[in-house]
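Structure record follows, encoded as structure tokens.
Keep in mind that the numbers below use all heavy atoms, side chains included, and drop hydrogens, waters and symmetry copies.
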Amino acid sequence: MWRALAQTALRAVDRSPAGAGLLPPKLAPLTLTQQLQLRHSSKASQPKPQQPPYKIASMSVEKPKVVFVLGGPGAGKGTQCSKIVDRFQFTHLSAGDLLREERSREGSEFGTLIEDYIRNGKIVPVEVTCSLLENAMKASGKSRFLIDGFPRNQDNLDGWNRQMAEKVDMQFVLFFDCGEDVCVQRCLGRGQSGSGRTDDNMESLKKRISTYNNDSLPIIKFFEGAGQVKRIDASPDADAVFGEVERVFLASGF
Ligand SMILES: Nc1ncnc2c1ncn2[C@@H]1O[C@H](COP(=O)(O)OP(=O)(O)OP(=O)(O)O)[C@@H](O)[C@H]1O
Ligand SMILES: Nc1ccn([C@H]2C[C@H](O)[C@@H](COP(=O)(O)O)O2)c(=O)n1
């Protein structure tokens, strides 16, 4: 069923130019093989090449760099991402924000489904989320991305590996580690300050935390096993947390 949904999702959420690559057009040249094929196919109409025939410039096209940002609900991922954007040249893409945007988009056929998943703290099928992420990456024309709140479960990770992993250069996972009580207080505080989110309430939070413990933590552990996690203690105040984040990005060459 989700394969069928995926195809509809791709049609529905892909509002970028048909066939556009992930890189901006000027940075998405033909592959070496394609260039060679093109040159040879038009050989007849061209003057005989000089010796040596061609000097083919080296064509190393850099893939977009991606940092996954994970942590419990309310750990401070969004807060830290906006600080990273200010300090380093990254584009912030929050999977939750993209889903909320799609939920509110007039004519979206996924609005009801997304709302049901969000309110119940469940993870939306990856075909929808991954397409939203890829389209946002393409539309931005940028090449450094913070992908916040993704991959959140095995389905997210599998879908990403199918659709995106080859197209990007994943740098590391930035993991904001924060106790459950602090996370709950932060989300409730955010709700009280008028976030307007339908899931900043105790009932949704219990489900979100359970989804985080059961589905997201194993993904973080998986990346940890692969040596790809940069863990940050997210319980201090936001500026102190950012001090640690900054250290990580500087040490990683950004
Ligand atoms: N280090 C911090 N100390 C105190 N409050 C914080 C800190 N970081 C963020 N907050 C506050 O906690 C709330 C949640 O923060 P934020 O939205 O950044 O979390 P998040 O991890 O992106 O949440 P979610 O996963 O639910 O989207 C916000 O009201 C924010 O202002
Ligand atoms: N990969 C994702 C990310 C988010 N969602 C849904 C379910 C979450 O509870 C909700 C809010 O996300 P947040 O803003 O807290 O990161 O969005 C999802 O299904 N899949």
Under 3.5 Å donor-acceptor, [X] side chain and [Y] backbone:
| X | Y | answer |
| --- | --- | --- |
| K77 | G72 | yes |
| S108 | F110 | yes |
| S193 | G189 | yes |
| Q154 | D215 | no |
| S204 | R119 | yes |
| D155 | V126 | yes |
| N120 | K122 | no |

Minimum-distance pair of heavy atoms, taken over all atoms of [X] and [Y]:
| X | Y | result |
| --- | --- | --- |
| F68 | V66 | CE2-CG1, 3.9 Å |
| C81 | L146 | O-CD1, 3.8 Å |
| L157 | I219 | CD2-CD1, 4.3 Å |
| G76 | R186 | N-NH1, 4.3 Å |
| K230 | S252 | CE-OG, 4.0 Å |
| P125 | L113 | CD-CD2, 4.3 Å |

[Y]/[X] salt bridge by N-O under 4.0 Å criterion:
| X | Y | value |
| --- | --- | --- |
| E62 | R144 | no |
| D97 | R100 | yes |
| D116 | R103 | no |
| E224 | K221 | no |

If we only count heavy atoms from C-beta on, is the [X] to [Y] side-chain gap below 4.5 Å?
| X | Y | value |
| --- | --- | --- |
| F145 | L133 | no |
| L93 | M137 | yes |
| D177 | I220 | no |
| V241 | F176 | yes |
| E244 | D233 | no |
| E180 | N213 | yes |
| R87 | L250 | yes |
| F88 | E246 | yes |

Measure the [atom1]-[atom2] distance between [X] and [Y] for me, rounded to the nearest 0.5 Å.
| X | Y | atom1 | atom2 | answer |
| --- | --- | --- | --- | --- |
| K83 | Q80 | NZ | CD | 6.5 Å |
| I147 | L98 | CD1 | CG | 9.0 Å |
| T79 | I84 | OG1 | CD1 | 10.5 Å |
| N135 | S140 | CG | OG | 11.0 Å |
| D199 | C187 | CG | SG | 7.5 Å |
| E127 | N156 | CD | CG | 10.0 Å |

Could you walk me through whether D200 and R208 pass the salt bridge (Lys or Arg N to Asp or Glu O under 4.0 Å) test, one step at a time? CA-CA 10 Å; D200 275 344; R208 289 166 69 194; 3.4 Å; yes
Please answer: with hydrophobic residues joined when any side-chain heavy atoms are less than 4.5 Å apart, are [X] and [Y] in the same cluster?
| X | Y | value |
| --- | --- | --- |
| F150 | V168 | yes |
| M164 | L132 | yes |
| V245 | V229 | no |
| L70 | V124 | yes |
| W160 | L217 | yes |

Kindly assign one of parallel, tilted or perpendicular to the pair F249 and F172, based on the angle between their ring planes and the thresholds 30° and 60°.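 If you compare the ring of F249 with that of F172, the planes turn out perpendicular.
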Verdict with reasoning, F175 to F223, per ring pair (Phe, Tyr, Trp, His ring centres under 6.0 Å): CA-CA 10 Å; F175 167 41; F223 282 120; over 10 Å; no
